[in-house]
Protein chains: 2
Amino acid sequence: MKRTTIKDIARQLGVNPSTVSRAMKDHPDIGLTLRNEIKQLADQLHYRPNHMAVYLRQRSSRLVGLIVPEVTMFFYPSVIRGIQNVLHEHGYNLIMLPSNESLEREMENIQICYENDVAGIMLALSRYTQTSEHLAMLEEVGAPVVMFDKILDGLPYDSIVLEDFESARLAASHLIETGCRRIAGIFGNPNLRITQLRLDGFRQALQDFNLEQHADLICFSDNPYDAEKCARTFMALDSAPDGIFAMTDEIIIGALPAIATSGKKIPEECSVICISDGFLPYCLHPKVTFLHHDGYEVGRLTAQRMIDLIESGQYVNKDYRGQKIMVKARLIELATTRRRE
Amino acid sequence: MKRTTIKDIARQLGVNPSTVSRAMKDHPDIGLTLRNEIKQLADQLHYRPNHMAVYLRQRSSRLVGLIVPEVTMFFYPSVIRGIQNVLHEHGYNLIMLPSNESLEREMENIQICYENDVAGIMLALSRYTQTSEHLAMLEEVGAPVVMFDKILDGLPYDSIVLEDFESARLAASHLIETGCRRIAGIFGNPNLRITQLRLDGFRQALQDFNLEQHADLICFSDNPYDAEKCARTFMALDSAPDGIFAMTDEIIIGALPAIATSGKKIPEECSVICISDGFLPYCLHPKVTFLHHDGYEVGRLTAQRMIDLIESGQYVNKDYRGQKIMVKARLIELATTRRRE
DNA sequence: TTACCAACAGCAATCGTTTGCACAACTGGT
DNA sequence: ACCAGTTGTGCAAACGATTGCTGTTGGTAA
């Protein structure tokens with residue numbers, strides 16, 4: 001199956017390819033009669049310009065690379081939706097490059113972006129990316145970079161992040177304000193920046209309210225199964241918590257059933273709060289009050305910033321230092337939390 | 001930031017671009033000394049071939065289009081992982097094109113594949129795609145097509161699908177074999193092929209065991225919230241079901257909490273089974289026995305078939321009629337289901 | 001010395017599209 | 001009849017990489 005090219009049309013009409021090219025983009029040089037004739041034939045032959053050839057001539061592709069650590073069922077689907085919607089509006093296409101949480105793969109993905117001469121790169125770092133050495137290649141690519149969610153401070157790129165510290169602080173504060181005094185927290189992998197920030201925010205809240213910090217009421221878990229164990233351990237404690245904070249969707253989905261079946265009533269004996277992308281808390285039982293970390297919004301903002309950079313060309317300035325955009329979380333109260341006055 | 005091209009290297013070394021090109025691919029015509037010299041400089045300048053230029057010369061891109069109805073948190077993340085892993089192994093890249101469940105967008109996405117002259121298209125149809133008229137464009141593209149999950153029968157393309165009828169039949173049979181007699185089913189959107197197939201399978205099982213079909217024990221729901229309502233309605237019935245089948249992850253996540261809080265004991269008074277991608281049933285409480293519809297496997301097989309078609313060139317044969325590959329589901333018994341002898 | 005063959009390198013065309021420039025064919029004013 | 005101006009069209013180069021062909025060395029055998 002051969003593609004129809006501009007040449008085919010030119011040949012059939014006995015005109016020059018350049019005339020066809022101009023006619024297709026309504027260049028005033030081409031007479032209306034001929035222009036229509038050309039367009040009609042183009043339509044008839046299903047002519048569509050070859051993006052790659054156009055790119056080669058114009059040196060600007062309409063492909064944008066998206067490098068993510070992994071496509072999990074949490075958070076990333078929303079982000080991708082947000083990104084796609086904005087990108088599509090502006091006529092850009094997405095090339096997806098999961099790093100499988102591997103540093104090596106992350107480098108390779110940047111390489112691939114370079115080979116395809118993408119117009120820009122959107123990047124969430126793998127969990128093993130603690131330094132920026134292997135990111136040197138990003139400079140080479142010469143395309144704007146926007147980082148999101150999993151970022152590294154000190155890099156000269158724009159970034160879109162959620163207010164991790166603040167959300168965790170607010171979540172814990174909400175538990176305290178509604179009467180909880182022994183608050184436990186279930187966190188993710190302690191090596192992640194995001195975990196540290198949320199842990200700090202959590203602790204800040206306890207400190208703000210002059211509550212004692214109990215080391216045995218903090219635990220870390222990489223997945224829902226471990227989170228379930230954490231929750232069971234908490235609930236089996238002699239002095240069990242009267243409030244539990246879960247750092248992510250992945251954690252609450254494991255922890256909630258354990259809490260619910262511990263014998264304690266939710267929220268009368270133990271309140272629960274989490275940080276979530278906003279879908280799960282509505283589905284789970286009992287419904288869980290949460291701070292909405294809106295992945296869709298992060299995706300939209302990331303793509304929006306990407307487009308701005310591409311089209312403004314700001315990033316070519318060597319001195320350009322990206323700014324960090326913080327996305328605020330909103331408290332969504334699905335569960336009444338007890339008030340003990 | 002300018003890319004290093006083959007010409008830059010040639011100029012610096014005072015040789016012809018063609019010599020550089022040949023040296024880079026170890027053509028025997030180029031002497032070892034020169035060859036190494038070229039390679040070294042290429043390395044130093046971070047030379048990487050421009051994919052688009054290569055494509056233009058060779059008329060074959062290493063881009064594959066993935067058209068999906070929507071990127072939801074269920075099923076598609078697994079599929080995408082499977083696809084990516086296989087594609088990456090073979091040096092292909094993925095361009096993601098969500099249709100947002102819109103027919104128009106689906107057509108546009110096929111168009112985009114054409115414009116980018118992709119090497120192949122992997123396609124899951126939007127829910128509104130009941131006829132194949134608007135898919136005529138697929139022929140035009142001249143690239144191999146593999147459909148998966150949401151397919152349409154009668155199209156000449158390969159397809160990878162799950163055994164919907166059979167899985168539903170097995171699930172319902174399992175409930176019956178473990179003692180259930182009044183079995184309810186919660187299904188998805190009744191206009192979808194997949195829903196009809198699963199419904200048919202479900203009914204087949206009842207028939208196989210000579211159980212009466214109760215119209216009031218079948219309901220349809222587009223989302224977890226409606227599924228929750230369905231489940232509540234069932235449980236409130238005078239003659240409540242003693243077994244419930246949920247067609248998808250999306251449904252079980254809504255339905256299970258409703259069942260669990262109905263007062264009836266699971267599984268002693270009411271058994272639950274569902275069809276799932278395999279993650280959720282481990283997280284939910286109580287754990288749910290399920291038929292594993294492995295999205296990751298579907299993704300892998302789809303991509304594998306894609307690669308085979310591209311590299312064998314079979315699809316150019318006008319008479320080529322794709323075959324349908326059925327992926328079997330496996331029963332995973334997480335919950336003991338009561339046995340009433 | 002001549003003939004021949006490797007070994008090595010360059011020329012130029014090609015892929016599909018765009019675009020600056022030149023040029024041809026008109027019109028109308030003098 | 002001539003020039004200026006308008007309108008329409010074509011030529012050719014360019015983007016980066018590849019490849020068939022040609023041409024130039026050097027060496028070896030006759």
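A, B, ... follow the sequence lines: proteins, then strands. Residue 1 opens every chain.
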Would you mind writing out the side-chain donor-acceptor pairs for residues 113-121 of chain A within the sub-3.5 Å range, not counting sequence neighbours?
| residue | atom | partner | partner atom | Å |
| --- | --- | --- | --- | --- |
| A:Glu115 | OE1 | B:His51 | NE2 | 3.4 |
| A:Glu115 | OE2 | B:Arg48 | NH1 | 2.4 |
| A:Asn116 | ND2 | A:Ile112 | O | 3.0 |
| A:Asp117 | OD2 | A:Tyr55 | OH | 2.6 |
| A:Asp117 | OD2 | A:Arg59 | NH2 | 2.9 |

Practice task
Would you please test A:Ile151 and A:Tyr157 for side chain to side chain contact (heavy atoms under 4.5 Å, CB included) and show each step?
Solution key: CA-CA 10 Å; A:Ile151 69 163; A:Tyr157 307 118; over 6 Å; no

Exercise for the section: Kindly state which residues belonging to residues 14-27 of chain A come within less than 4.0 angstrom of DNA chain D, counting heavy atoms of the residue only, listed by number. Expected result: A:Gly14, A:Val15, A:Asn16, A:Ser18, A:Thr19, A:Arg22

Handout entry: Those residues of residues 109-121 of chain A lying under 4.0 Å from DNA chain D by at least one heavy atom
Key = none

Practice task
Mind running side chain to side chain contact (heavy atoms under 4.5 Å, CB included) on B:Asn93 and B:Leu87 for me, showing each step along the way?
Solution key: CA-CA 7 Å; B:Asn93 290 126; B:Leu87 244 41; over 6 Å; no

Quick one: side-chain contact (heavy atoms from CB on, under 4.5 Å) partners of [X], sequence neighbours excluded?
X       : result
A:Val79 : A:Phe75, A:Ile83, A:Phe148
A:Ser18 : A:Asn16, A:Arg22
B:Val54 : B:Pro49, B:Gln58

Exercise for the section: Could you go through the side chain to side chain contact (heavy atoms under 4.5 Å, CB included) check for B:Val327 and B:Ile160 one step at a time? Expected result: CA-CA 7 Å; B:Val327 180; B:Ile160 315 289; 3.9 Å; yes

Exercise for the section: Report, as yes or no, whether the 6.0 Å neighbourhood of atom CZ on B:Arg300 holds more than 12 heavy atoms from other residues, nucleotides or ligands. Expected result: no

Problem - A:Tyr128 atom OH, over 12 foreign heavy atoms within 6.0 Å - result: no

Exercise for the section: Establish, from distance only, whether the side-chain atoms of A:Glu311 and A:His90 form a donor-acceptor pair under 3.5 Å. Expected result: no

Handout entry: Shortest non-hydrogen separation from B:Leu309 to B:Tyr320 and the atoms involved
Key = CD2-OH, 3.6 Å

Fill in the blank from the handout: With sequence neighbours left out, the residues meeting salt bridge (Lys or Arg N to Asp or Glu O under 4.0 Å) with A:Asp26 are A:Arg35, A:Lys39

Problem - Non-neighbouring partners of A:Lys324 that pass salt bridge (Lys or Arg N to Asp or Glu O under 4.0 Å), sequence neighbours left out - result: A:Asp153

Practice task
Check whether any side-chain heavy atom of A:Ile310 lies under 4.5 Å from a side-chain heavy atom of A:Val64, and answer yes or no.
Solution key: yes

Using the 3.5 Å cut-off, write out each protein N or O paired with an N or O of nucleotides 14-16 of chain D and the distance between them.
| residue | atom | partner | partner atom | Å |
| --- | --- | --- | --- | --- |
| D:dC15 | OP2 | B:Lys7 | NZ | 3.4 |
| D:dC15 | O2 | A:Leu56 | O | 3.4 |
| D:dC15 | O2 | A:Arg57 | N | 3.2 |
| D:dG16 | OP1 | A:Arg59 | NH1 | 3.2 |
| D:dG16 | N2 | B:Ala53 | O | 3.3 |

Interface polar pairs with nucleotides 22-27 of chain C, N/O, under 3.5 angstrom:
none

Handout entry: Close approaches to DNA chain C from residues 30-38 of chain B, in residue order (heavy atom, under 4.0 Å)
Key = B:Ile30, B:Gly31, B:Leu34

List the atom pairs, with distances to 0.1 Å, where a side-chain N or O of residues 97-104 of chain A and a protein N or O form a donor-acceptor pair under 3.5 Å, not counting sequence neighbours.
| residue | atom | partner | partner atom | Å |
| --- | --- | --- | --- | --- |
| A:Ser99 | OG | A:Asn109 | ND2 | 3.3 |
| A:Asn100 | ND2 | B:Asn85 | OD1 | 3.3 |
| A:Glu101 | OE1 | A:Arg127 | N | 2.8 |
| A:Ser102 | OG | A:Glu104 | N | 3.3 |
| A:Ser102 | OG | A:Arg105 | N | 2.9 |

